[in-house]
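Just so it is clear: chains get the letters A, B, ... in the order the sequence lines come, proteins before strands, and each one is counted from 1.
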Amino acid sequence: MTNQAVAEKLVDGPPEAGHDSERNRSTMSRYNFLEAEAKWQAAWSARNCFASTVDPTRPKYYVLEMFPYPSGRIHMGHVRNYTMGDVVARYKRAKGFNVLHPMGWDAFGLPAENAARDQKIHPASWTYDNIANMRAELKRMGLALDWSKELATCHPGYYEHQQRIFLDFFQAGLAYRKEAFVNWDPIDQTVLANEQVIDGRGWRSGAPVEKRKLSQWFLKITDYAEDLLQALGGLDRWPEKVRLMQENWIGKSTGAHVRFKLVGRDDRIEVFTTRPDTLFGASFIAVSPDHAIAEEAAKADPRAAAFIAECRAAGTSEAAVEAQEKRGHKLAIEAEHPLMPGKTLPVYIANFVLIEYGTGAIFGCPAHDQRDLDFARKYDLTVTPVVLPHGEDAQTFAVADVAYTDDGTIYNSGFLDGLDSESAKKKAGAKLKEQGDGAPTTIFRLRDWLVSRQRYWGCPIPIIHCEACGPVAVPAKDLPVRLPDDVTFEKPGNPLDHHPSWKHVACPTCGKAARRETDTFDTFVDSSWYFARFCSPRDEQPVDRAAVDYWLPVDQYIGGVEHAILHLLYSRFFARAMKKVGHLSLDEPFAGLFTQGMVCHETYRDPATGDWLLPEQVERRGTQMVRADTGGAIETGRSEKMSKSKKNVVAPDVIIDGYGADTARWFVLSDSPPERDMEWTAAGVEGAWRFAQRLWRLCFLWLEAHPGIVAATLPDTMSDAATALRRASHKAIAGVSDDIEKFRFNRAVARIYEFANALGEVAEGDLADPAGLFARREALTTLAQLIGPMMPHLAEEMWASLGHRTLLAETAWPEADPVLIIDDQATVAIQVNGKLRATIQLPRDCDRQVAETRALAEEAVIRAMDGKAPKKVVVVPNRIVNVVV
RNA sequence: GCGGGCGUGGCGGAACUGGUAUACGCACACGACUUAAAAUCGUGAGCCGUUAGGCAUACGGGUUCGACUCCCGUCGCCCGCACCA
C-alpha cells in the first residue's frame, strides 16, 4: 500500500475502524482531528501566540531542541524530540514564563552536494525545497514554536555573521592555520576533526581515514581545555553520562615532560609520563613510527623505513589493534638517563606509541606498565621493579608477566628511595626541572579543532591568501563571502577550487593578485552558535547583546546523546570564545540538557530473499507475521533504532494523516521514560488514538447530559461526592505538574489515564446538583488543561466546548488546592513481622495508639500473631503498622 | 581493559527519602450491546494452592521491625572510550 493509499484509508479513523452506518446511528460525532487540528493551528497562528519578545520585567525560559538537518522528511526521532520540547514550552508558558522556543535548519552539509551530483539539482534548491517540506510537516505537529525566528545556516544572512565571528577569533588568536597530519576521508574527499573519526573511520562516510599532511584552519579549543573540564562540575542539570564522556574526551593527565639527551648528538627526545616516580625503572625509549626521529632513521636505514611502512599499513582501527603484538625496531641511537649518570637506554621505534598523544615518544618502564613489559619480554630488556606494593618484601618481590601499575613505596631509585609514589612524582619532577631535563606538566588529549573542509556546500572561510601578506582577513565591508552559484560537481574534490574565477581576487592589503581560501567550515561550526543567533535572528550584528543577555543560557536543551561530545563540546567552546571577543557574557550556553532515547521498531525480513520489509508490508495473521501481499512467512527481528537500511521505519506524516498529531504526540510521550529508547508499535498508536476519542466522548457526553456544567459556579456547600471528584482533579494537577517539571512524561501520561478513568466511573445521574456540576466543570477544565501541553488541539477543542472564548494556549496553568490533595482518611498497611496481613482505613494523622489498637484488633493480625505477645510495634503515620512478635 | 547504565507479569513500564510490589498502557480471556462483526462499555488476571496461606523485583549473601530501593559478591544485557604512556 502506498503512503497515499494508507492516508486515504485512515482519513477518519484507524484501520478497519467504524462503518458509516454506525457513525450515522450514533448520537454524537467522532472527534474530527483533521478539522480540529487545522482550526487550532490557524487560531494560534492568527493570535501569534508563540511569538516572543525580550521583556526584562518577566522571567524568561529558553527551550531548544537540537535543530534538524533538512533531509527532506521528518522522522519519528524528530517527533519525539520536538514533542518533548513542546510539552516543556507550553507548560512553562502556562506557568507564566516568557518562553523562547525557536526552530531552524542545520542546512549546510554533504548530502546536498551528493544530491547535486546524482540528481543534477543545485544544493541550494535541494536544501530549500527540503526545508519547505519539513517545515510543513513540523507545522502539522502543532508545535508552539516562534516561527518568526526561523533561520537556516546556509542563508547568507546567517553565515555572514559566522564569518564575522571567525574573523574576530582570527584577530584574537583563536583561529590559526597550521600544517599538520590530518584525517583524510577518501570518500567524502575532505579532512575531518579528531572527534569526527570513530574507530578510525569517518563519522559520516564510514570509510577508513588516511593520514595526510595538509595546511588547515584550526580553532584553539585547547586554550579552554582546563576550563571546559572544570566547568563540567557546574553543569548540574546535565546528564552525568554526558559530563563523563566530555571529561574523558578532554583527557587531562598530570605528569612530567622528560627530555633525554642523545649520545653523540645535540638534540633530545622529549617524552611525557604520568609516572615520573618510575624513572629509575626505565629500560628503553620508544618513539612513534610518525615521530621525527623515526622519519630521520627511515632515510638512512631501509629496514627502519620498512618497519614504519608496516606499522602504518596495520592501521589504527578496530579490534585488530588490540590483538596486535607489541613490536619495535631498534635504532642506532642511545639516550642518556637524566637521573642516573652514565646509564644509557636503547631507542626503538615501536608500533604501540601514538604520535597524537603526548609527545609521540615514551620511556619504557616494564615493571610498572603492561605494554612496556610485553615489549621488554619480547626484546629481552631489563625489568627493574622500583615501586614496592604495600606489604611486599623488597628482597622477594618480582615482576613476571603482570606489571604492577598501582602506587607503593619507591626503591631501587636513588634519591627517591623510601618515598610513596605521590611524593616521588613531585620530587622527581622538581629534580628534572632543576637540571633542565624536564618539568612537571599537565597535558590534554583534546586537540585543536580542525575546521577546514574541502567542500562546496558550507560557509566560506573569509580569508584571502596573498604571496606577500600571507593570510589576510576579508574586510568587513566585503562580507559575506558568498558561495558562487555556478559550480559543477562532476569532478572529485572541492568544487570551489575548480571554479574558474571565484578564487581569484586582489589582496585587500597590498592589492596584488591573490587567492581566496577555497575551504569551507565544518558544519559543526554552524551549529556551535545558532542558539545565540536565535535570540535576534535578523540583527545586523552576529548577536544583539541585550537579546542574548536576556535569553541565554538555554534553560532546557533537548536532543540525542550522539552529540554528547561533538556538538555540545564545540558549543561550549564557542560560547567562551564569543565571550572573549565580546559577543556574549557567559561561558555555558546550555544550563539544562536532556538526552532523549531513540525510537525503535521491530525488523522484518523475507527469509526467501533476505530483503528487509517495511512495517506496512507486513501483517499479523493469528500469531504468525506474514507478507501482506503474498501471505508468505517472514522473520521478525529484534527491535532496533528506526533506520532506512533496515526499513523498520514509520513515517510521521502517515501517522498524522491517519490518527492526528495529538495521537502521535501522546504516543511518543507514553509508556517509555523519555531518556530511554522507546518501541514504536501500531497497537500503541491505536491505544493513544482510542484514548483521545475517549476523552472527547467523555467531555461531550457530560456536557450533553448536564448542560449546566458550562455555567456552573462554586456553590456554598459541597457534597461528599463532589468533594471526592474535586480531590481527583486537584491530585491530578499536583501530580502532572510535578511529573512535567521532572521530565517524567510517561508518568504524567499514566496519571492522566488514571484521572480520566476516575471521571469515567462517575455515574451519569450523579453529581447533578450545583456542587456536582461545579465539580464536573472543574474536572473537565482540569483535564483540558493537563492534556494541553501534550495533546494541544484536543485540549483547545475541549476548552472551547466548556464555553471559553479564550485560547487554552494563552491560559495560566491550574494550581492545585493543597487542602484537596490530602485525604482525611489514610489506607494503612498492617504487617506482622514485616508481612502484610491487612489494610485498614484510619483518620489521617491519627494518634499512634489508635493505629496500634486498631491494628492489633484485626482478625488476620491476631491469627498471624499466633497467640504471641507483640515485642514491638512500629507505627509509621498514615502508612504502616508493623507488629513484631 | 577502563568508565557508565540497566535487569520488576506475556510486553512497555510504575513504586516519592527504606514503608501496601506489579500503578498506567498494550496484548489476552470472559460478559453486555449487535442478525453479525467492528467500535464502545463492564469484569478478570504475577505464580502455586480449594481455602487458610505460601512464593515472587536476574542470582547468592548482609544491614533493618521492614529492602525493587542501601551494602558485599556473582551472572547477563546495553552504551561510551580504548596500545592515552
Scan [X] against the nucleic acid and name what it touches under 4.0 Å (heavy atoms): base, sugar-phosphate only, or nothing.
X: K871(A); value: nothing
X: V749(A); value: nothing
X: Q831(A); value: base
X: S253(A); value: sugar-phosphate
X: N757(A); value: sugar-phosphate
X: R690(A); value: sugar-phosphate
X: R327(A); value: nothing
X: N882(A); value: base
X: V884(A); value: sugar-phosphate
X: D671(A); value: base
X: N746(A); value: sugar-phosphate
X: T827(A); value: base

[atom1] spacing across the pair [N] / [M], given as an integer number of angstrom:
N: rA15(B); M: rU57(B); atom1: C1'; answer: 11 Å
N: rC68(B); M: rG19(B); atom1: P; answer: 10 Å
N: rC11(B); M: rA45(B); atom1: C1'; answer: 15 Å
N: rA14(B); M: rC24(B); atom1: P; answer: 14 Å

[X] side chain N/O closer than 4.0 Å to the phosphate oxygens (OP1, OP2) of [N]?
X: R744(A); N: rA15(B); answer: yes
X: R676(A); N: rC78(B); answer: no
X: Y753(A); N: rG25(B); answer: no

In dot-bracket form, how is RNA chain B paired, counting a Watson-Crick or G-U wobble pair only if both its distances are under 3.5 Å and using | for bases paired to another strand? (((((((..(((......[....))).(((((.......))))).(((....)))..(((((..]....))))))))))))....
Backbone N/O of L794(A) and side chain of D662(A): donor-acceptor pair under 3.5 Å: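 Answer holds: yes.
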Please tell me whether [X] and [Y] have a donor and an acceptor in their side chains that are separated by less than 3.5 angstrom.
X: N248(A); Y: R243(A); result: no
X: D374(A); Y: Q370(A); result: yes
X: T222(A); Y: D448(A); result: yes
X: Y357(A); Y: S253(A); result: yes

Any side-chain heavy-atom pair of F352(A) and I362(A) under 4.5 Å: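 The answer is yes; the side chains approach within 4.5 Å.
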Quick check on rG9(B): syn or anti? Syn means the glycosidic torsion is within 90 degrees of zero.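 Here the answer is syn: the torsion falls within 90° of 0.
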